[in-house]
Amino acid sequence: MSEYSLDTIRHSAAHVMAAAVKQLFPNAKFDIGPATENGFYYDFDLDRSLTPEDLKSIEKAMRKLIGRKLPFERFELSRAEAEKMLKEDNQTFKLERLADIPEDGVITFYRTGDYVDLCRGPHVEHSGCIGAVKLLSVAGSYFRGDEKNPMLQRIYGIAFATEEELKAHLTMLEEAAKRDHRKLGKELDLFSFSENVGPGLVLWHPKGAFVRNAIETYWRDRHYKNGYQLMYTPHIGRSVLWETSGHLDFYRDSMYSAMEIDENDYYVKPMNCPFHIEIYQSRLRSYRELPLRWAELGTVYRYEKSGVLHGLLRVRGFTQDDAHIVCTPEQIEDEIAEVLRFSLSIWKEFGFKEIKPYLATRPAKAVGDPARWEKALVALKKAVEKAGLDCEVDEGGGAFYGPKIDLKVKDAIGREWQTSTIQFDFNLPERFNMTYIGEDGKKHQPFMVHRALFGSIERFFGILIEQYAGAFPLWLAPVQARILPITENQTEAAAKLRDDLRQRGFRVDLDSRQAGLGAKIKDARHERLNYILVVGEREAAEGTVAVRHRNDGELGTISVDDLAARMTREVEEKI
RNA sequence: GCCGAUGUAGCUCAGUCGGUAGAGCAAUUCACUCGUAAUGAAUAGGUCAACGGUUCGAUUCCGUUCAUCGGCUCCA
């Protein structure tokens, strides 16, 4: 075990990488090189684009620097001295970073060999303390993350105290790549995209569609049991709707363009809320019917920037498991706590443990009564507390229309994806003039909360594929069992067994190819089928079946009734 | 959208320093009739992402577009 934290080792590795880049690109301008959760990076401005070969040379140069055990020497400069030094070296980005340091801040530098960097530290004692490094990739990245700023080149790397840990990490990355939902989606014939249809528009193949249907059925059931009412609304609406909602003002860039019908502009919906509000407005509402919990699996289309599309996790057409909660100020705390509890309980049922809430508060530019913001924030905070979770607070990170809690879960290779969201909205009730008649007989504006638990069915499915590595539990599996006749003589008996099991409600198919049993088993296992049912001469005669389970292995020859009982149990237990 | 990379058979990939392409797996057919991770043989399968330019000739070189991948930003 190293005496230094991984962060310190990685941050020092970033410095060594910068030193190596300085050697190879003397004119390089440097930005910053922090440690991250999964490694480190450094941003550079270079006179040409980096190639994979450059990465190798940089890594080689780093190894040399590490081998020389160069000390990290800390020293302080006055602001004037620091500015002079950075100016002489034409380090424009560093100069901007220097300006960020507060007036009374100490300006420290670290020297490693010939390389000097403006840096707060801390660092390892000398470069030899960086056990093992590997550079992973080059990517573009805007200075300060702002797309108006120049684009720098970012090199990502990973560092560990020992070679063994590095090796283990690289193996983990390889394993994670094997569960990539895009790869499995193709291999298991779950979904695809077509250039003819358009980017970010998912084609659900029969097997993927089955899983989706199972998820949706489960979702509906849980919602009815939790006091929700389900609705359906159209995919398009007139421009006046989107003018009232304000989407045409502040969301237009993300909307598909209008289509003209009978001299009216119609827009494909990017959100479901205005439709739900129209239902609310269809008659006068009393406080007695609140809270309303209105849910819809609503398919929306958003023009997402082409560069952000990512398999099922970021698409342009997706179905939100959307709901709007409309309630009185007195109800708001209980409602929020209930939504969070509901959400967490569903994620738990699918076996997710790494879920992190992020609380986003009031931004500088916001609409709505500050007192209502405060009440909302209290409700959100209390809900998190009640759920016993720690949450990260993003001060001022809320939307202009309300504060929110987002839940994020990690995919196979550690990337976090936003899924559940609970968002207050002080804008739409105002714009649509939503009211209810209170006990006092007067009109009041209700609280409205948007929430999605899965986020979108697409994203949830993508994450689910990676979570299970394509091996779906029996209740979700599109094909639960495959029957393998040993020779063609058993094809008839096998087909009969298939039909029998189908009649009992199981999803079963038959491998009637001319192939050896071994080959059929190999393919069935590759498809991660839960049950493999072998029918040979003996089973055909007895009306039994030789069962092999995906996790439990060979279970011997049993009767069809016993098999069905076992499968039923497994479906009910959702394992 | 921006930076960088990639696009060859259903899949995974090779290949052509410019003369219209090949493997393995999958598919189809035939033979074999087989007991728990690959039986053998044959056949078929491609506007080499699309469009333009250069050239006697372009899958190959150049340009544009589209799509995908790694990131940035944004987000469910």
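Below, chains carry the letters A, B, ... as their sequence lines are ordered, and counting in each starts from 1. Excluded from the calculations below are hydrogen atoms, water molecules and symmetry mates; all remaining heavy atoms, backbone and side chain alike, are included. Since we're looking at a predicted model, the values are computed, not measured.
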For this session: For A:S137 and for A:A519, locate the closest nucleotide of RNA chain B by heavy-atom distance; then report the residue assigned to the nucleotide nearer the 5' terminus.
Result: A:A519
Problem set entry | Phosphate contact (B:G70 OP1 or OP2) by A:H310 side-chain N/O below 4.0 Å | yes
For this session: Look at all strands and tell whether A:G145 reaches a base, only sugar-phosphate, or nothing, counting heavy atoms closer than 4.0 Å.
Result: sugar-phosphate
Exercise. With no angle test and no hydrogens, is the base of B:C32 tied to the side chain of A:Q514 by a donor-acceptor pair under 3.5 Å?
Worked result: yes
For this session: Counting heavy atoms from C-beta on, name the nucleotide in B:A76, B:A37, B:C72 closest to the side chain of A:S456.
Result: B:A76
Exercise. Whole-Å distance between B:A5 P and A:I155 CD1?
Worked result: 14 Å
Seminar exercise, completed: The nucleotide from B:U68, B:A27, B:G1 with an atom nearest the side chain of A:R513 is B:A27
For this session: Scan every strand shown for a Watson-Crick or G-U wobble partner of B:U12, both distances under 3.5 Å, and answer none if you come up empty.
Result: B:A23
For this session: Determine which nucleotide pairs with B:U73, using a 3.5 Å limit on both distances of a Watson-Crick or G-U wobble pair.
Result: none
Exercise. Salt bridge between A:R482 and A:E527, side-chain N to carboxylate O under 4.0 Å?
Worked result: yes
For this session: Please measure how far the P atom in B:A23 lies from the corresponding atom in B:A41, and state the result in whole Å.
Result: 14 Å
Exercise. Hey, are A:D406 and A:K356 close enough for a salt bridge, meaning a charged N less than 4.0 Å from a carboxylate O?
Worked result: no
Seminar exercise, completed: When rounded to whole Å, the CZ to P distance for the pair A:R48 and B:C3 reads 18 Å
For this session: Please work out if A:T487 contacts a base, only the sugar-phosphate, or nothing of the nucleic acid, heavy-atom cut-off 4.0 Å.
Result: base
For this session: Map A:H526 and A:V315 onto RNA chain B by nearest heavy atom, then report which one ends up closer to the 5' terminus.
Result: A:H526
Problem set entry | Rounded distance in Å - CZ (A:R144) to C1' (B:C74) | 20 Å
Exercise. With both distances under 3.5 angstrom, what nucleotide forms a Watson-Crick or G-U wobble pair with B:U6?
Worked result: B:A67
Exercise. For the side chain of A:R316 and the base of B:C75, is some donor closer than 3.5 Å to an acceptor across the two?
Worked result: no
For this session: Would you mind telling me which of B:G35, B:C72, B:G1 lies closest to the side-chain atoms of A:I486?
Result: B:G35
Seminar exercise, completed: A:D45 CG to B:C72 P, in whole Å, measures 18 Å
Seminar exercise, completed: A:R182 has its side chain closest, among B:A37, B:A76, B:C69, to B:C69
Exercise. Any idea how A:W204 and A:F461 line up, ring-wise: parallel (<30°), tilted (30 to 60°), or perpendicular (>60°)?
Worked result: parallel
For this session: Pick the C1' atom in B:U59 and in B:C34, then give their distance to the nearest Å.
Result: 45 Å
Exercise. Which nucleotide sits closest to the side chain of A:R538: B:G35, B:C75, B:U73?
Worked result: B:G35
Problem set entry | C1' gap between B:C61 and B:U16, integer Å | 13 Å
Exercise. Touch check for A:A546, heavy atoms < 4.0 angstrom, all strands: base, sugar-phosphate only, or nothing?
Worked result: base
Problem set entry | Distance-only polar pair, side chains of A:T233 and A:E296, donor-acceptor under 3.5 Å | yes
For this session: Determine the contact category for A:Y156: base if any of its heavy atoms lies under 4.0 Å from a base atom, sugar-phosphate if only primed atoms, P, OP1 or OP2 are that close, otherwise nothing.
Result: sugar-phosphate
Exercise. A:L309 near the nucleic acid: base, sugar-phosphate alone, or nothing, with a heavy-atom cut-off under 4.0 Å?
Worked result: sugar-phosphate
Exercise. Whole Å only: how far is the CD atom of A:E416 from the C1' atom of B:C72?
Worked result: 17 Å
For this session: Take A:Y401 and A:Q423, measure what side chain to side chain donor-acceptor pair (under 3.5 Å) needs, and give me the verdict at the end.
Result: CA-CA 9 Å; A:Y401 51 80; A:Q423 307 186 355; 2.9 Å; yes
Exercise. Nearest to the side chain of A:K522, which nucleotide is it out of B:A37, B:U36, B:A76?
Worked result: B:A37
Problem set entry | P-based separation of B:C66 from B:U28 [nearest Å] | 38 Å
Seminar exercise, completed: Closest of B:G35, B:C2, B:C32 to the A:E488 side chain is B:C32
Exercise. Is there a donor on the side chain of A:Y142 or the base of B:G1 sitting less than 3.5 Å from an acceptor on the other?
Worked result: yes
Exercise. Side-chain N or O of A:Q418 less than 4.0 angstrom from OP1 or OP2 on B:A76?
Worked result: yes
Exercise. Who does B:U59 pair with, Watson-Crick or G-U, both distances under 3.5 Å?
Worked result: none
For this session: Give a yes or no on whether a donor-acceptor pair under 3.5 Å exists between the nucleobase atoms of B:C3, that is its base, and the side chain of A:R154.
Result: no
Problem set entry | Distance-only donor-acceptor test (3.5 Å): side chain A:E195, base B:A50 | no
Problem set entry | Rounded distance in Å between the P positions of B:C62 and B:C25 | 35 Å
Seminar exercise, completed: Per atom distances to the A:A139 side chain, the nearest of B:G35, B:G71, B:U73 is B:G71
For this session: Can you tell me the distance, in whole Å, between the CE atom of A:M271 and the P atom of B:C75?
Result: 10 Å
For this session: Indicate, with a heavy-atom threshold strictly under 4.0 Å, whether A:G518 touches base, sugar-phosphate, or nothing.
Result: sugar-phosphate
Exercise. Which part of the nucleic acid, if any, lies within contact of A:S49, taking any heavy atom under 4.0 Å across all strands shown: a base, the sugar-phosphate backbone alone, or nothing?
Worked result: sugar-phosphate
Exercise. What interatomic distance, in whole Å, is found between C1' of B:G1 and the corresponding atom of B:G18?
Worked result: 36 Å
Exercise. How far, in whole Å, is B:G24 from B:A9 if one measures between their C1' atoms?
Worked result: 12 Å
For this session: Name the closest nucleotide to the A:K305 side chain, picking from B:A76, B:U12, B:U73.
Result: B:U73
Exercise. Are A:F318 and B:A76 stacked, counting the six-membered base ring, centres under 5.5 Å, planes under 30°?
Worked result: yes
Exercise. Using the ring of each side chain (for Trp, its six-membered ring), is A:F350 parallel, tilted or perpendicular to A:F454, with breaks at 30° and 60°?
Worked result: perpendicular
For this session: Between B:A76, B:C32, B:U68, spot the one nearest the side chain of A:R459, thanks.
Result: B:A76
Exercise. For A:E187, which contact category applies under a 4.0 Å heavy-atom criterion: base, sugar-phosphate, or nothing?
Worked result: nothing
Exercise. With a 4.0 Å cut-off on heavy atoms, is A:Y41 in touch with a base, just the backbone sugar-phosphate, or nothing at all?
Worked result: nothing
Exercise. Between A:R144 and A:D146, is there a side-chain N and carboxylate O pair less than 4.0 Å apart?
Worked result: no
Exercise. Which of parallel (below 30°), tilted (30 to 60°) and perpendicular (above 60°) describes A:F472 and A:Y468?
Worked result: perpendicular
Exercise. Does a side-chain N-to-carboxylate-O contact under 4.0 Å join A:D31 and A:R97?
Worked result: yes
For this session: Give A:G455 one of three labels, base, sugar-phosphate or nothing, depending on what nucleic acid heavy atoms sit under 4.0 Å from its own.
Result: sugar-phosphate
For this session: Write down the distance separating the P atoms in B:U39 and B:U33, rounded off to the nearest Å.
Result: 15 Å
For this session: If B:A31 has a Watson-Crick or G-U wobble mate with both distances under 3.5 Å, name it; if not, just say none.
Result: B:U39
Exercise. In terms of side-chain heavy atoms, does A:R212 have a donor or acceptor partner in A:T319 at a distance below 3.5 Å?
Worked result: yes
Exercise. For the pair made of CD in A:E304 and P in B:C74, what is the distance, rounded to whole Å?
Worked result: 13 Å
Problem set entry | Length of the line joining A:N196:CG and B:C66:P, which is rounded to integer Å | 15 Å
Exercise. What does A:K520 touch in the nucleic acid at a heavy-atom separation under 4.0 angstrom: a base, only the sugar-phosphate, or nothing?
Worked result: nothing
Exercise. Quick one: is A:S141 getting a side-chain N or O under 4.0 Å of the B:G71 phosphate, OP1 or OP2?
Worked result: no
